[in-house]
> 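Quick one: this structure, given as structure tokens, is what I'll be asking you about.
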Amino acid sequence: MTLDTTFDPASIEARWYKHWEETGGFRPERPDAEPYTIVNPPPNVTGSLHIGHALDNTLQDIVIRYERMRGKDALWVVGTDHAGIATQMVVERQMEAAQDKRTNYSREDFVDKVWEWKATSGGTITTQLRRLGCSMDWSREQFTMDEHFTKAVLKTFVDLYNDGLIYRDKRLVNWDPKLKTAISDLEVETQTIAGSFWHFKYPLEDGVTLSDGRDYIEVATTRPETMLADMAVAVHPSDERYASVVGKHVVLPITGRRIPIVADEHADPELGSGAVKITPGHDFNDFEVGKRAGFVAGEMLNMLTSDANVCQTSDGLVPEEFLGLHRFKRDGKDGAREAVVARLKADRYLIPHIAKTKKGEEVEHDAEPRQIATPFGDRGGVVIEPWLTDQWYVDAEKLAAKPIEQVKDGTIEIVPQTWEKTFFNWMENIQPWCVSRQLWWGHRIPAWFGPKLHDGALEMSSGSEFSNKNFAPDPIVATTEEEAIQIANERYARYLPEGGTVRVHDTQTEAHKDLLPALWRDQDVLDTWFSSALWPFATLGWPNETDLVKKHFPNNLLISGFDILFFWDARMMMMGQYNMGTAPWPKLYLHGLVRAADGAKMSKSKGNVVDPLGLIDQYGADALRFFMAAMESQGRDIKMDEKRVEGYRNFATKLWNATRFCQSNGIGKSTTIKAPTARLAANQWIIGEVQQVCAEIEQAMADLRFDAAANAIYQFTWSKFCDWYLELIKPVFAGDPDAMPAVETREVAGWALDQILVMLHPFMPFITEELWHAQGTRKYDLITASWPSPRAEVSKEATDAIDWVIDLTTNVRSAKNELGIAPGAKLAAFLPAASDLASSTIGRSSAAIERLARLTPVTMGEAPDGPAMQVTAQATGGSDVFIVPLEGIIDIAEEKARLEKALTASQKEAKSLEGRLSNANFVERAKPEAVEKAKADFAHHSAEVGRLEGALKRLG
RNA sequence: GGGCGCAUAGCUCAGGGGUAGAGCACUGUAUUGACAUUGCAGGGGUCGGAAGUUCAAAUCUUCCUGUGCCCA
């Protein structure tokens, strides 16, 4: 097949991808081969390909293509994540645009709508991954809400519950009042924002005073509205200012609530007045203080609704005027915060903040301005409210124990290793994982509730929401409703008619209307990460004992961005260990972020995102992939550099043109996997170089050094194969095409080019596949070709000869350039004292010397008297000095300048080495190799100094 | 405040106890057969600063400065 004169990536990419996918190239049947498995971090079903995906998936594709070529039964599991909150938000936004809303539908109908959305608009990213060339096993594409996946999720939940590792608890949770759901610690982003610090007087109850006589305690807060639910004031136990009032009470302004003054280490005597207000129902620290002060979670006052509007506390003390206000100013409308401050100020409970103006005048402000670390929900973007609710928690601490051990003992290797510390730091301080979400889209929690049995007696409650403080129904956790009913029937047997059975209602309210004990299902769904934690085995069919699970679990490697180390990687370790009894993979590779050209994080709001598909359109997928690989050194973020992508597009073009050159000289596909036997020096040399670069790439891949692997094949292809080998063999084709040299060279060149295509294929799959087929009719596609194993013997003499010719050529060119001699000029040269290498090389490679070094004729023997330049040729096997007469060719002064420059360099080196060698300490204490090398280098440079001085003298 | 990184050529980055590397950019030069998305040649760095260890430090240690991320 003849190649077009220009390389056009777009026209070949779509064609080859389709071909690979249709012919099963991504998952060739290799039942007896050693398995190699990776699973992709499932992108959100709502997602589209961003530059981070491009990096992550390129690296994975390089690994999987490499292992596939090495003959493994390579499986790259692909799929998408149902992304609970994100997906529900997308569909809700769509409804909003149509003046519709979720609550206009039943839960079932809404979930159906989401599925409809997925069918039509979901999974954009799967098409985009194809454009990148990713060789995933699409035939088994997974979704975290697939039926078999749900089975895995349910089993895991039920097992964890039965093992006491999942429990229901009432505690403060990170509540997103916009999305109206709990979220986990990891989904909270702390940002520092400008805020205020207000100081208030809390009056002591009748007759009580501090030791200094004051009849109030000063407290300060950044969230004044919470004072409506204050339950105590805390002072440090050692704080003498307050020792006399500990155990006494204050009477809260506004609510009139009488609350105790408690001693607690949490109060910092150095901070403000040393006394802090305690709102256990709305602050994580205060919750702990409250517990220590003897309040149980169920008694803690709650003053906010799920939207974060003020509601009545259970003691009924919040004045009417505050009820219904939002927690703070919103959409320009004052909220509870502003109202509370205004009221306290009016009632003279506000202690003003005195600030000085620039002129030194004192001015009163209501509050002191402050930077406040504020928690925001990473999805909803609003301030997170600590809220007291019943939620399901996973005992992460217990599950984390084994993974910690596995990373410590090397069962799991984290690459680069620096991440281990971060991993340990988080895992060793891990908090209970809140896994319930108040959403409709997701895996519904397999729990049913029924009336509580108190000493065997039924305790019915007045129907109320799940956040009801005083009623904790007993959960029944089961894989199916039938099982739940069965358990309930036993539990409530004495309250059921003979042979009767409990009924299951949609809601708690309906269940309470039932005259008999009845169940209602938990309304909540699981955190998305709960299901994605099962990805390494649930995608293979677990809990069924499928052949895939047996063969491909544990996986071999996981590649992910470091940003999901906790969200996903660590949780896979926990769940892998729990469900499968082993680590999900022995190696975890963490890569960095792709940043904008200026080093900033890419974000839509900054408008500095680079679209990978745009780069593919412009430079081709191969160039983008190669860029990603070449820039991926361990432990550093990648800064976007389009010029570099362009450079790799040029590299692809170079290879394209090199192949065109081969074709025009009758060089086609190779017939053998092993290197052909070769007699010509250039051919032996390139075979040796192929072996070397192959070993380099293999080492780099074993170390997961993508940059080293990419650079190795780049340098080999361009600097060795194109720049030297193709130039070296050109003279051969000027001769008889049927003679041995041409026949052998066509064979070797075809083989070497094939090896390049194979070794480059994991990095640049499209162009290599195209060229692979352009080079001849093949029995198989390159994607399933074998990785090189060039175990050929090449003679040292042959490779030395080529190294010598290359050195000679470079030196001649350099000298000509400096002397202003036309590069193409052919010069006669004399070799007075030829090394053995020189003699044999001049004999067998005269054509190369003539064509590349452009020295002709070369005469063995003394040069005639007269001005001349000296050119050296060096290789391991020999070192020679050519004399090139320059009479009438150039200005002698130029040659002198050139020699002077070289002389200065050699003198400098020689002097430095001499100094080192004359240091007794060096000679005695340095490694013998270092001393030997210094001696050899010194000898070399001394000789150079002598030679150059002589040459200068001859020029006069 | 705690933890983890980074600082090497104009730019983006490798490297690493024994004469400093790549790509891009730059300079000069070349255009009758693979390739100007190119060839050839070249300039450019006291490896952030200071001290220490060592025969020898860009490399190891400590401190400092700047900068980035994560956690509180």
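Each chain gets a letter, A, B and so on, in the order the sequences are listed, and its residues count up from 1. Every value quoted in this text rests on a predicted model; they were computed, and no experiment measured them.
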> May I ask you to say what A:R595 touches in the nucleic acid, namely base, sugar-phosphate or nothing, with a heavy-atom cut-off under 4.0 Å?
sugar-phosphate

> Mind checking the C1' distance from B:A50 to B:G39? Whole angstroms is fine.
47 Å

> The side chain of A:K730 lies closest to which of these nucleotides: B:A34, B:U19, B:G42?
B:A34

> Restricting to side chain to side chain contact (heavy atoms under 4.5 Å, CB included), what partner residues turn up for A:A652, sequence neighbours left out?
A:F7, A:M764, A:I767

> With nearest nucleotides of RNA chain B determined for A:Y714 and A:F566 from heavy-atom distances, which residue corresponds to the more 5′ nucleotide?
A:Y714

> Nearest to the A:A926 side chain among B:C4, B:G18, B:U19, which nucleotide is it?
B:G18

> Give one of base, sugar-phosphate or nothing for A:Q715, where a contact means two heavy atoms less than 4.0 Å apart.
sugar-phosphate

> I would like to know whether A:N711 and A:Q715 meet side chain to side chain donor-acceptor pair (under 3.5 Å); could you show each step before the answer?
CA-CA 6 Å; A:N711 287 328; A:Q715 291 300 338; 5.9 Å; no

> Would you list the pairs meeting side-chain hydrogen bond (donor to acceptor under 3.5 Å, both in side chains) in which at least one residue belongs to residues 907-917 of chain A, sequence neighbours left out?
none

> Of the nucleotides B:A34, B:C69, B:G18, which one has an atom closest to the side chain of A:A930?
B:G18

> Please state how far atom CG in A:L590 lies from atom P in B:G5, giving the value in whole angstrom units.
14 Å

> Could you tell me if A:K654 sits above the aromatic ring of A:F721, with its cationic atom closer than 6.0 Å to the ring centre and no more than 45 degrees from the axis?
no

> Distance check: side-chain N/O of A:N711 vs OP1/OP2 of B:G23, anything under 4.0 Å?
no

> Can you tell me, in whole Å, how much space there is between the P of B:U8 and that of B:U67?
15 Å

> In Watson-Crick or G-U wobble terms, both distances under 3.5 Å, what is the partner of B:A25?
none

> Which atom pairs link the protein and nucleotides 7-13 of chain B when you take only N or O atoms and keep those under 3.5 Å?
| unit_1 | atom_1 | unit_2 | atom_2 | d |
| --- | --- | --- | --- | --- |
| B:A7 | OP1 | A:R636 | NH2 | 3.0 |
| B:U12 | O2 | A:R644 | NH1 | 2.7 |
| B:C13 | O3' | A:R636 | NE | 3.2 |

> Quick check on RNA chain B: between A:V188 and A:F7, whose nearest nucleotide comes earlier from the 5' end?
A:F7

> What does B:G44 pair with, Watson-Crick or G-U, if both distances are under 3.5 Å?
none

> Distance check, P atoms only: B:A25 and B:C63, in whole angstrom units.
42 Å

> Counting the atoms with a prime plus P, OP1 and OP2 as sugar-phosphate, which does A:N425 contact under 4.0 Å by heavy atoms, base, sugar-phosphate, or nothing?
nothing

> Round to a whole Å and report the spacing from CH2 of A:W656 to C1' of B:A36.
19 Å

> In the strands shown, is B:A50 matched to any nucleotide by a Watson-Crick or G-U wobble pair with both distances under 3.5 Å, and which?
B:U62

> Could you give the CZ-to-C1' distance, from A:F424 to B:C71, as a whole number of Å?
17 Å

> What is the distance from atom CZ of A:F287 to atom NE2 of A:H282, rounded to the nearest 0.5 Å?
12.0 Å

> Measure the CG-CG distance between A:L704 and A:D707 for me, rounded to the nearest 0.5 Å.
11.0 Å

> Taking only the C1' atom of each, what is the distance from B:A20 to B:A9 in whole angstrom?
10 Å

> For the atom pair CD1 (A:I193) and CZ (A:R370), what is the distance rounded to the nearest 0.5 Å?
14.0 Å

> Not counting sequence neighbours, which residues clear side chain to side chain contact (heavy atoms under 4.5 Å, CB included) with A:T192? List them please.
A:Q371

> Once hydrogens and angles are ignored, does a donor-acceptor distance under 3.5 Å link the base of B:C4 to the side chain of A:K421?
no

> What class does the angle between the rings of A:W804 and A:F882 fall in, given that below 30° is parallel, 30 to 60° is tilted and above 60° is perpendicular?
tilted

> Rounding to the closest angstrom, what is the interatomic distance between B:U61 and B:G21 at atom C1'?
26 Å

> Under 4.0 angstrom, heavy atoms only, what part of the nucleic acid is A:K901 near: base, sugar-phosphate, or nothing?
sugar-phosphate

> Scan A:T810 against the nucleic acid and name what it touches under 4.0 Å (heavy atoms): base, sugar-phosphate only, or nothing.
sugar-phosphate

> Does any nucleotide pair with B:G1 by Watson-Crick or G-U wobble geometry, both distances under 3.5 Å, and what is it?
B:C71

> Reckon A:K927 has a side-chain N or O less than 4.0 Å from the OP1 or OP2 of B:G17?
no

> B:C6 and B:A22: how far apart are their P atoms, nearest whole angstrom?
23 Å

> Sticking with atom C1', work out how far B:A30 lies from B:A36, rounded to a whole angstrom.
10 Å

> Taking any heavy-atom pair under 4.0 Å as a contact, classify A:S664: base, sugar-phosphate, or nothing.
nothing

> Considering residues at least two apart in sequence or located in another chain, which fulfil the ring-ring contact (aromatic ring centres under 6.0 Å, His included) criterion with A:F567?
A:W529

> In whole angstrom, what separates A:I767's CD1 from B:C35's P?
16 Å

> Looking at the side chain of A:E727, which of B:A34, B:C70, B:U19 is the nearest nucleotide?
B:A34

> Please give, in whole Å, the distance from B:C69 C1' to A:F423 CZ?
19 Å

> Over all strands shown, is A:T422 touching base, sugar-phosphate only, or nothing at heavy-atom distances under 4.0 angstrom?
nothing

> In whole angstrom, what separates A:Y619's OH from B:G23's P?
19 Å

> Rounded to whole angstrom, note down the C1' distance from B:G15 over to B:G33.
41 Å

> Within the 4.0 Å heavy-atom criterion, would you say A:R813 contacts the bases, only the backbone, or no part of the nucleic acid?
sugar-phosphate

> Pull out every residue in residues 716-724 of chain A that has a heavy atom closer than 4.0 Å to any atom of RNA chain B, ordered by number, or say none.
A:W718, A:C722, A:D723

> Provide the Watson-Crick or G-U wobble partner of B:A20, both distances under 3.5 Å; none if there is no partner.
none

> Find the partner of B:A30: check Watson-Crick (N1-N3 plus N6-O4 or O6-N4) and G-U wobble (N1-O2, O6-N3) distances, both under 3.5 Å, and reply none if neither fits.
B:U38

> Run the salt bridge (Lys or Arg N to Asp or Glu O under 4.0 Å) test on A:E689 and A:K720 for me, step by step, so that the C-alpha distance in whole Å, both residues' side-chain angles and the decisive distance to 0.1 Å come before the verdict.
CA-CA 8 Å; A:E689 294 290 335; A:K720 292 267 165 64; 3.2 Å; yes

> For A:W419 and B:C70, give me the distance from atom CH2 to atom P, rounded to whole Å.
9 Å

> Can you find a donor-acceptor pair, distance only, under 3.5 Å between A:E632 side chain and B:A14 base?
no

> Rounded to the nearest Å, what distance is computed from the CE atom of residue A:M427 to the C1' atom of nucleotide B:C70?
17 Å

> With A:Y648, which of A:F763, A:Y619, A:W718, A:F626 fulfils ring-ring contact (aromatic ring centres under 6.0 Å, His included)?
A:F626

> Say you draw a straight line from CD of A:E696 to CZ of A:R705; how long is it, rounded to the nearest 0.5 Å?
13.5 Å

> Identify whether any heavy atom of A:K654 sits under 4.0 Å from a base atom; if not, whether one sits that close to sugar-phosphate; answer base, sugar-phosphate or nothing.
base

